[in-house]
Each structure stands twice: as C-alpha cells, then as structure tokens.
Amino acid sequence: MKIALLAGDGIGPEIVAQAERVLHHFKQEGLKIELESGLLGGCAVDAAGEPFPESTRRLAIEADAILLGAVGGTQYDNLPREKRPEQGLLAIRKELNLFANLRPVVLYPQLANASTLKPEIVTGLDILIVRELTGDIYFGRPRGIEYRDGEKVGFNTMIYSESEIRRIAHVAFQAASRRNGRLCSVDKMNVLECTQLWRDVVTETAQLYPNVKLSHMLVDNAAMQLVRNPKQFDVVVTGNMFGDILSDEASMLTGSIGMLPSASLDDKNKGLYEPIHGSAPDIAGKGIANPLATILSAAMMLRYSFNEEEVAARIEHAVQKTLEEGYRTADIYEDGTKKIGTTEMGDRVLTNLQLQ
Ligand code: NAD
C-alpha cells in the first residue's frame with residue numbers, strides 16, 4: 001500500500017508529521033505500507049513554480065492513497081490565480097476524479113462543551129455527510145456574467161447526470177450499510193428539476209440496498225434539522241453545493257475545527273484524506289496545532305482505501321483515550337484539562353496505541 005504524504009503549508013508539516021508517526025507504528029507492527037513525500041500548494045510554488053508540479057502528479061497517480069495536511073498562506077495571496085496554493089488542491093481532486101467527499105461529524109463526549117449547541121443536543125453525535133464533489137452547479141455550463149437588455153446578468157447551470165447521481169448514491173448506501181443502516185438524501189425537488197432526478201435515481205438505487213432505510217429531506221429543512229436535532233441523522237447524501245453548505249454547518253456542531261477528518265474518494269476507493277481545516281498561518285511554527293484531525297484522517301484512509309477497519313478503529317480509540325486522560329491542544333483546551341503541544345499530542349496517541 002503506497003501512501004503519498006503531502007504536508008503542504010503552514011501547520012501542514014507539523015500535523016502530518018504526527019500522523020506519519022502513527023503510520024510508522026503500524027508499519028513496525030507489520031502493516032505493509034510504503035510512505036513517500038511530495039510537494040503540493042505554496043511549498044510547491046516555492047520549490048517548483050507550480051502548486052501541483054508534475055512530480056507530485058505522478059506520485060499521486062502511483063499512490064494508493066494520499067494524506068494531505070493543508071495548503072495556503074498569506075504570502076501567496078497576490079500570485080495570479082493559477083499559481084495559488086488552493087489551485088493545487090482543486091487540480092489534484094480533479095486529476096484523481098475524487099467525486100465522493102466523506103465528512104464524519106463526531107463529537108467526542110469529552111468535548112461536549114466545545115459546541116455552541118447545548119450539550120444534550122450534541123453529546124453522542126455521530127453523522128457521516130457524503131457530498132458529491134465533482135459535479136453540480138460548481139462545474140455546470142453555461143456559466144458566466146454577460147450583458148442582456150442593457151444590464152449585467154450572472155448565471156450558472158445546475159446539472160447532474162443519472163450516472164453521477166448513481167455513483168455517489170452507491171457510496172452513501174454502502175457507508176450506511178457499514179454504520180446504522182439509515183440514509184437521508186437531501187434535495188430541493190419541490191423547485192429544481194435537477195434534484196427531482198436526484199431523488200428519482202437515489203430511490204431507484206435503494207432497491208439494491210434493502211438493509212438501508214432511505215428517507216428524503218428538502219435542503220432548507222435539513223439545514224434547520226441539523227441544529228434542531230442533529231442526532232436524528234446517520235448518513236446524509238447530497239449534491240456538491242448543498243453538501244458544501246451543510247457539511248460546514250454540521251462540522252461546527254462539534255465546535256472544534258482541529259478534530260475533524262475527511263476523505264475524498266474515486267470509484268475504486270482511492271482517496272485523498274485531509275483534515276477539514278486550513279493551514280492556520282496564525283499558529284504555524286509554534287508547535288501548538290492540533291494534529292488529531294490529521295491522525296483521524298489517516299484512520300479514515302486505512303478504513304476506506306485499505307479496508308483495515310480494525311487498525312482504523314484502534315487509532316480512533318487511542319485518540320479517544322487521550323482525550324479521556326484530559327490532554328488537549330490549545331484549540332480544545334478548557335479549565336481542568338492538561339494543555340499540551342502538537343508533538344506531545346502525537347506522543348500521547350502513540351503511547352495509547354502501544355498500550356492496546
Ligand atoms: P484555517 O482553518 O486555516 O484556520 C481557522 C482558525 O482555526 C485559525 O484561527 C487557526 O489557527 C485555527 N485552526 C485551524 N486548524 C487548527 C488546528 N489543527 N489546530 C488548532 N487550531 C487550528 O482557515 P483560514 O485561516 O481561513 O485559512 C488559512 C489558509 O488555509 C488560507 O490560505 C486558506 O486558503 C487555506 N485553507 C486551506 C484548506 C485546505 O488545504 N484544505 C482549507 C481551508 C483553508
């Protein structure tokens with residue numbers, strides 16, 4: 001199993017280093033993995049003049065999975081758009097056809113006070129949002145701004161083909177089968193024909209998954225239900241734009257950006273795994289960034305790309321145990337807990353893995 005490590009910019013190298021230590025631990029235990037580092041984002045612009053250089057493209061294509069830190073930094077903000085670090089991220093997603101974005105939203109009981117919602121609403125929260133990532137209004141054509149009848153008009157095209165809907169529906173049904181067997185598909189079929197087709201295809205696909213209970217919800221109601229009673233959801237599947245908005249809303253239910261991993265998968269479960277946060281330039285180099293979202297991203301990689309469910313669960317338990325012991329990085333610190341830095345958080349997770 002070949003893993004490409006793309007640490008990126010800002011806190012990226014600090015947090016990926018901790019996930020790398022966790023992967024090394026399993027390598028020593030006998031897991032057959034090979035790690036190779038590459039450049040993506042601002043560091044690649046500095047070294048090679050491009051945010052997604054050819055050498056990284058080759059590495060990404062050869063690898064079975066990719067672990068990414070984060071890209072971006074204020075020093076790159078004035079570069080032409082195609083040279084900016086974030087273009088590297090868009091380019092690698094497109095190159096690898098990563099159409100399925102999986103974002104688990106889990107609130108560890110120890111962090112219930114970090115949420116802006118009342119603890120009883122979010123304690124025990126465990127949702128998986130499955131967002132289609134390469135279609136919809138973000139890519140649809142025609143698009144643009146032009147003059148019509150003497151004034152400017154802006155327009156985009158919301159478009160999904162049956163096959164695009166079907167392939168993301170399969171990902172979501174399979175995920176629901178592995179979890180609690182409930183899938184909620186979110187659309188706006190009362191107004192948008194495109195999402196009527198979405199609902200029809202998801203309903204048709206459900207026949208292949210009799211063990212999963214499918215429900216449908218309109219996106220405006222889903223936005224409301226996510227803050228009213230988020231624990232009613234198990235797996236949520238939706239299109240690119242609705243998923244963009246709902247997954248950010250859902251991630252903030254946990255209140256801790258440094259804790260949440262994500263996966264972006266192609267149709268063969270090759271994936272790019274990354275924390276949901278950015279490169280945090282404000283704290284880069286200080287040794288205080290939370291590495292847990294990246295370590296949990298490595299766990300997702302082992303689960304989804306390599307089918308190593310047991311190893312993934314061991315990592316998640318080690319993270320949970322570390323939180324139970326009261327260790328916190330600054331972003332999740334509260335009175336009565338023990339504040340530690342990035343490397344020490346890595347140490348604690350490793351110790352708990354060794355004790356298992
Ligand atoms: P950000 O997520 O980097 O930071 C937001 C806030 O959260 C900051 O105060 C930061 O210190 C804190 N934070 C983030 N991750 C943390 C962690 N692991 N531990 C502790 N605190 C953490 O968002 P931003 O400030 O809007 O963006 C900074 C840069 O990151 C920009 O260049 C942006 O384009 C880029 N970005 C990249 C990605 C990505 O690589 N996938 C995603 C979002 C933003």
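Remember, predicted model here, so these are calculated numbers, not experimental data. For ligands, and for the atoms within them, numbers begin at 1 and follow the listed sequence.
- Each of the following atoms of ligand 1 lies closer than 4.0 Å to a heavy atom of Ala289: 19 (N).
- Scanning the protein for heavy atoms near atom 3 (O) of ligand 1, the closest one is Ala280 N, 2.8 Å.
- Salt-bridge formation is not detected for the pair Lys321/Glu324: no Lys NZ or Arg NE/NH1/NH2 atom is positioned less than 4.0 Å from an Asp or Glu carboxylate oxygen.
- For the residue pair Arg228 and Gln225, a side-chain donor N or O sits within less than 3.5 Å of a side-chain acceptor on the partner.
- Annotation: Ala70 places no N or O atom under 3.5 Å from an N or O atom of ligand 1; distance criterion only.
- Distances from atom 6 (C) of ligand 1 to the protein include no heavy-atom value under 4.0 Å.
- Protein heavy atom in closest approach to atom 29 (C) of ligand 1: Ser279 OG, 3.2 Å.
- Judged by distance alone, the side chains of Ser305 and Tyr273 do bring a donor and an acceptor atom under 3.5 Å apart.
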(request) Begin with the C-alpha distance, continue with both residues' side-chain angles, and end with the deciding distance and a verdict on side chain to side chain donor-acceptor pair (under 3.5 Å) for Asn101 and Ser264. (result) CA-CA 4 Å; Asn101 183 234; Ser264 304; 3.2 Å; yes
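- The atoms of ligand 1 that sit less than 4.0 Å from any heavy atom of Gly73 are 32 (O).
- Applying the 4.0 Å criterion to heavy atoms of Ile257 picks out, from ligand 1, the atoms 2 (O), 7 (O), 13 (N), 14 (C).
- Contacts between Asp77 and ligand 1, counted as non-hydrogen atom pairs separated by less than 4.0 Å, are absent for every part of the residue.
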(request) Would you check, one step at a time, whether the test salt bridge (Lys or Arg N to Asp or Glu O under 4.0 Å) holds for Lys2 with Asp64? (result) CA-CA 5 Å; Lys2 180 162 178 175; Asp64 300 301; over 6 Å; no
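- Here the heavy atom of the protein found nearest to atom 8 (C) of ligand 1 is Asp282 OD2, 3.5 Å.
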(request) May I have the step-by-step check of side chain to side chain contact (heavy atoms under 4.5 Å, CB included) for Leu111 and Arg328, ending in yes or no? (result) CA-CA 10 Å; Leu111 301 181; Arg328 303 282 189 275; 3.5 Å; yes
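- Nearest non-hydrogen protein atom to atom 15 (N) of ligand 1 is His277 CG, 3.1 Å.
- A salt bridge is defined here as a Lys NZ or Arg NE, NH1 or NH2 lying under 4.0 Å from an Asp or Glu carboxylate O, and Arg84 with Asp77 fails to meet this definition.
- Note that Arg148 lies in the cation-pi zone of Phe155, set by a 6.0 Å cut-off to the ring centre and a 45° limit from the axis.
- Remark: among candidates Gly8, Gly278, Gly69, Gly41, the nearest residue to atom 38 (C) of ligand 1 is Gly278, based on non-hydrogen atoms.
- A donor-acceptor pair shorter than 3.5 Å cannot be found between the side chains of Gln356 and Asn352.
- Short contacts between ligand 1 and Glu274, defined as distances under 4.0 Å to a heavy atom of the residue, involve ligand atoms 41 (N).
- Nearest protein heavy-atom contact of atom 33 (C) of ligand 1 is Glu86 OE2, 3.6 Å.
- At a 3.5 angstrom cut-off on N or O pairs, Gly72 does not count as close to ligand 1.
- Side-chain atoms of Asn240 and Tyr160 include no donor-acceptor pair closer than 3.5 Å.
- No donor-acceptor distance shorter than 3.5 angstrom exists from the side chain of Glu62 to the backbone of Leu59, with no hydrogens or angles considered.
- Set against the non-hydrogen atoms of Leu89, the atoms of ligand 1 under 4.0 Å away are 39 (C), 40 (O), 41 (N).
- For the side chain to side chain contact (heavy atoms under 4.5 Å, CB included) criterion with Val22, the lone passing option out of Val311, Leu302, Ile295 is Ile295.
- Distances from atom 21 (N) of ligand 1 to the heavy atoms of Ile283, Ile276, Asn290 show the closest one on Ile283.
- Atom 28 (C) of ligand 1 has its closest protein heavy atom at Pro281 CD, 3.5 Å.
- Distances between N or O atoms of Val71 and those of ligand 1 include at least one value under 3.5 Å.
- Note that atom 24 (P) of ligand 1 has no protein non-hydrogen atoms nearby, at separations under 4.0 angstrom.
- Residue contact annotation: Ala293 has no non-hydrogen atom under 4.0 Å from ligand 1.
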